[in-house]
Amino acid sequence: MATNEQATYAPNALEAFWQERWEEAGLHRVFEETGRQKYYVLEMLPYPSGRIHMGHIRNYTIGDVLARYLRMQGKNVLHPMGWDAFGLPAENAAIEHGVHPAKWTYENIATMKAQLKRFGFSYDWSREVVTCDPAYYRWEQWMFLRFLKQGYAYKKPSMVNFCPKCQTVLANEQVLEGRCWRCDSSATLKQMEGWFLRITAFAEGLLEGLETLDGWPEKVRAMQRNWIGKSQGALVRFPVNETQDTLEVFTTRADTLFGVTFVALALEHDLLDSWYQTGRIQEAVWREIEALRQEKLSSRFEAELSKKGVLLELEAMHPLTGEKVPLLAANFVLTAYGTGAVMGVPAHDGRDFEFAKKMGLLIAEVVRPTDGSHPLEPTAFEDDGVLVNSGEFSGMASEEARRAIISKLESLGVGKGVVQYRLKDWGISRQRYWGVPIPVVYCEACGAVPVPDDQLPVVLPIDLSSKIAPGFGLAKLEGFLQTVCPNCGGSARREADTMDTFVESSWYFLRYACPDYEAGPLDTVRVHYWNPVDQYIGGIEHAVLHLLYARFFTRLLKATGVLRFDEPFARLLTQGMVIKDGSKMSKSKGNVVDPDDMVAKYGADVVRLFMVFAAPPEKDLEWNEKGIEGCARFLSRVWRLFQEVAQSLKRPFLVQEGNRESLKALEMAILRATHKVSQDIERQHLNTAVAALMECLNSFTELNDLLDSADGRLAFQGALKRYALLLAPFAPHHADELRALMGENGFAMQASWPRVEPGRIESPVKELVVQVNGKVRETLVFNGEASQEEVYRVALQSEKIKRLLEGKEVVRVVYVPGRLLNLVTQ
RNA sequence: GCGAGAGUGGCGGAAUGGCAGACGCGCUAGACUUAGGAUCUAGUGGGACUACCCGUGGGGGUUCAAGUCCCCCCUCUCGCACCA
């Protein structure tokens, strides 16, 4: 400007000044420019809960540093922001304070947007997406209808997780240790009808895709792999004697089939009820089953249930040996996994072993370690080995036996090889109000009818006659529900469920490419110009929620013909939490630091700097008031140095030529910093990039004797111009101000990132270390490259080295050019 | 139990197999000052106190050289967890 040429750094006025200039210049708007290399930097969009917190600031600062750096590198960088605006907190606020969810949400957005703007993040706000806007969610409804048509969306009754506090259903992914991910209430199970998206159809693709995501943290990939839970095995059918029923079990250990001594059913298995109704299960046995069911319900979330079971007094026939095996109902058999029934092989499964001991069931050894030992007591032998007591399969190795036994089962028609996944279809029905209405109507004559495209969006009614109270939902809005059938024109009722809000966040990153598009959900050209996202940044808490859903949606949209790629996020950075006094900042702990307070006190640049300096991005960051003061001190020192140089340029100089060594050192300092900062941003070590800037400043300060000379001042001016550019991604307001002070026009973001030709940071003066037996004993200085012989010769002239080598023979000399000489003695 | 990651000064943290502790905080001393919680200068792993020794959770190994690579163990954090 600059604002003035004052001696103290006054961040608030300065930052406001530059933010206005950026705004006027439309500096952060970006357009599709074919021929220019694009880069898409994305941070997870926030839920408008009321206020921005430090965790957001950290996330967005990391993204902003990368975005600004890449833009200065000449990339066409998309860096958007929006709001995940549907969700329960808005309804809860309505219940507690009587505010309409829409009003609450939009007011929060306004507050939070102002907070973000104060930090000077380089978002293209013209692309802002608000998911509760009908202009956004109409396309989500459009997509839903496509999915419906192709069978990827369907409705079914099922046992679902239900949060009593939120009064709504939760998807499997949204229940953490039996508790609601949002409010931490204990979830219950409930039989309900609801809509599902067929994520299981993409289980294999989602799993395989993980292998291609080498820009993702291994931790997240492992979590998703785990969640998808693929296992290879066999379905085996056990006919139940004296009935027409066949019990199917899933096993990964077909090689242990001859060791089956019982078959156990989950307490909730459908056949139990049917056998009870047909009198196959006695009244006394049934009462025991009921008792176990009760016990299981009440202790659902205990670490481990002690294994209990009930003999059904029914037998199944072993599919290969024809022997009779007892059937039991057991509390440790999972309903939701496999077939809800397991074959019991006590000799080779720890759980079955424990259970068999307790119930007095037989234990039959069929696999032995290859060393021939019999390790059956005190526990099961679970490893692979060699088969025994297994008829024609005896003598085979486990691996081979699994294949052979599966073929046998298949040829007899009593089983088959299968792949099983733990992943379940995504239940998206929510029985609440503040969400996207599911575009289906129910007609007495025509049944469930999809709402035609031209009647979209099904707008969420905003005018409410009654106040929102607990249990409120679309189902209470008679005016909304009543409609006509698009098919026959008869009276019909609308679907009252809304979609899980994770649906909105599954595709928002696509809409940023074309937020104004009205001819369809996505403008194919623009979407494919920007996507996939090159760098995604957000918290690890979404490892198997949002990140899995978004990957699924991308594949779904590809299958629907909208997209041409499989993976939405090429690289993922999961930043650590901001913690204080050892725990995550939260209202309940009373350890919250408000970003606004910090900005008021230190300015945005200082807070941004601290956010990336105090810890590497992926690690937790401990809030430290002293630490942020250190960053403030650093920016003040930078400020003073620039002032000093600017002032010196106006004064008469004392000498024409500056000290040659100092001039060289100055150039070397800025070159080294340029190299280090570039390299560190590239590898996302933002904390060491800032350290390099600090180090460079320290060097500058030591060289300020150069300001007495004419060429020293000019050299300093040149170096500082480059320094301001290096600072720009971290402290953008500061950087633009400093550039102005050095006589530059325009904005740092429009300037090119300084480059260093390789080799230029090599100092002509080499410092070389001499080791004796690997220990550093001497440091030598050479001008330019020195040969091994030369270094050796000089080293031997050192008194110290001479003394250490006295009476010893050098048996080996290791020379690393430019680094060290190691003399090895006997 | 399974999976992933991490153990380095008083603290946050640096180190393509090549001088361990960059940078910052804190601390010590000094300078400037009516004053200092401002600023500047110097020092700051431990022990010996001039030239040496020890030191990256513990124990082995590879190497001229290991915080870094390999094997075993311990501790911590996170995720999943009776997944057949």
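Per chain, numbering begins at 1; letters A, B, ... match sequence-line order. All values below come from the heavy atoms of this structure, side chains included, with hydrogens, waters and symmetry mates left out.
Rounded to the nearest Å, the gap between the C1' atom of B:rC2 and that of B:rU16 is 34 Å. Comparing the same atom, C1', in B:rA20 and in B:rG13 gives a spacing of 13 Å after rounding to whole Å. Annotation: B:rU68 and B:rU63 have their P atoms spaced 16 Å apart (nearest Å). Nucleotides B:rG30 and B:rG18 place their C1' atoms 38 Å apart, quoted to the nearest Å. Atom name C1', nucleotides B:rU8 and B:rC52: the rounded distance is 24 Å, in whole Å. Nucleotides B:rC72 and B:rA81 are separated by 28 Å at their P atoms, to the nearest Å.
Comparing B:rC53, B:rA4, B:rU39 against the side chain of A:Arg640 picks out B:rU39 as the nearest. When distances run from any side-chain atom of A:Ala691 to the nucleotides B:rA84, B:rC23, B:rG18, the shortest one goes to B:rC23. Here the side chain of A:Gln771 is nearest to one of B:rG18, B:rA84, B:rC25, namely B:rG18. Checking B:rG18, B:rC78, B:rC64 against the side-chain heavy atoms of A:Lys219 singles out B:rC78 as nearest. Closest to the A:Thr688 side chain, of the nucleotides B:rA22, B:rA84, B:rG79, is B:rA22. When distances are taken from the side chain of A:Asn226 to each of B:rG26, B:rA15, B:rC80, the shortest belongs to B:rC80. Nearest to the side-chain atoms of A:Val814 among the listed nucleotides B:rC64, B:rG26, B:rG12 stands B:rC64. Nearest to the side-chain atoms of A:Val776 among the listed nucleotides B:rC19, B:rC82, B:rG24 stands B:rC19. In this structure, of B:rC23, B:rA84, B:rG18, it is B:rG18 that holds the atom nearest to the side chain of A:Leu820. Nearest to the side-chain atoms of A:Lys775 among the listed nucleotides B:rC54, B:rG24, B:rU39 stands B:rC54.
A:Glu248 places no side-chain N or O within 3.5 Å of a backbone atom of A:Leu235 that could act as its donor or acceptor partner. At least one donor-acceptor pair under 3.5 Å links the side chain of A:Asn591 to the backbone N or O of A:Ser583.
Across all strands shown, the partner of B:rC23 is B:rG12, judged by Watson-Crick or G-U wobble contacts whose two distances both fall under 3.5 Å.
Among the protein residues, A:Asn773 comes within range of no part of the nucleic acid, since none of its heavy atoms lies under 4.0 Å from any strand. Within 4.0 Å of A:Asn687, counting heavy atoms only, lie sugar-phosphate atoms of the nucleic acid but no base atom. Within 4.0 Å of A:Arg225, counting heavy atoms only, lies no atom of the nucleic acid at all. Nucleic acid contact class of A:Thr779 (heavy atoms, under 4.0 Å, all strands): none. Residue A:Pro217 is classed as having no contact, given no heavy-atom separation below 4.0 Å to the nucleic acid. In this structure, A:Val813 reaches neither bases nor backbone, as no heavy-atom distance under 4.0 Å exists between it and the strands shown. Using a 4.0 Å heavy-atom cutoff across all strands shown, A:Glu622 reaches no nucleic acid atom at all. When heavy atoms are screened at a 4.0 angstrom cut-off, A:Gly338 is found touching no nucleic acid atom at all. Heavy atoms of A:Phe634 sit nowhere under 4.0 angstrom from any nucleic acid atom.
Atom CE in A:Met577 sits about 17 Å away from atom P in B:rA6, given to the nearest Å. Between the P atom of B:rC80 and the CG atom of A:Leu334 lies a distance of 16 Å, rounded to the nearest Å. Taking atom NZ of residue A:Lys676 and atom P of nucleotide B:rA14, one finds them 10 Å apart after rounding to whole Å. Nucleotide B:rC82 holds its P atom 16 Å from the CZ atom of A:Phe250, rounded to whole Å. Between A:His685 atom NE2 and B:rA15 atom C1' the separation is 11 Å, expressed in whole Å. At whole-Å resolution of the value, CG in A:Asp214 and P in B:rA4 are 17 Å apart. At whole-Å resolution of the value, CD in A:Gln224 and C1' in B:rA4 are 14 Å apart. Per the geometry, CD1 belonging to A:Ile579 stands 11 Å off C1' belonging to B:rG12, to the nearest Å.
Using cut-offs of 30° and 60° for the angle between ring planes, the A:Trp426 and A:Tyr549 rings count as parallel. Under the 30°/60° scheme for interplanar angles, the aromatic rings of A:His318 and A:Phe238 are found to stand perpendicular.
Between A:Val824 and A:Lys626, the residue anchored nearer the 5' end of RNA chain B, judged by the nucleotide with its closest heavy atom, is A:Lys626. Where A:Leu804 and A:Arg683 meet RNA chain B, the nucleotide closest to each residue was compared, and A:Arg683 sits on the side nearer the 5' end.
For the pair A:Arg422/A:Trp227, a side-chain contact is recorded, criterion being any heavy-atom separation below 4.5 Å from C-beta on.
Looking at A:Arg812, its side chain has no donor and acceptor atom pair within 3.5 Å of the base of B:rU63.
Regarding the sugar-base torsion, B:rG47 falls in the anti class, its angle being beyond 90° of 0.
Between A:Arg637 and B:rC40, a side-chain N or O to OP1/OP2 separation shorter than 4.0 Å is present. The side chain of A:Arg777 contributes an N or O atom lying less than 4.0 Å from OP1 or OP2 of B:rC53. For B:rA4, neither phosphate oxygen OP1 nor OP2 lies less than 4.0 angstrom from any side-chain nitrogen or oxygen of A:Arg221.
Geometric assessment of A:Lys307 against the ring of A:Phe332 yields a positive cation-pi assignment under the 6.0 Å and 45° thresholds.
Of the charged side-chain nitrogens involved, at least one lies within less than 4.0 Å of a carboxylate oxygen, so that A:Glu399 and A:Arg403 count as a salt-bridged pair. Using a 4.0 Å cut-off between charged nitrogen and carboxylate oxygen, A:Lys357 and A:Glu354 do not count as a salt-bridge pair.
Atom NZ of A:Lys358 has more than 12 heavy atoms from other residues, nucleotides or ligands within 6.0 Å.
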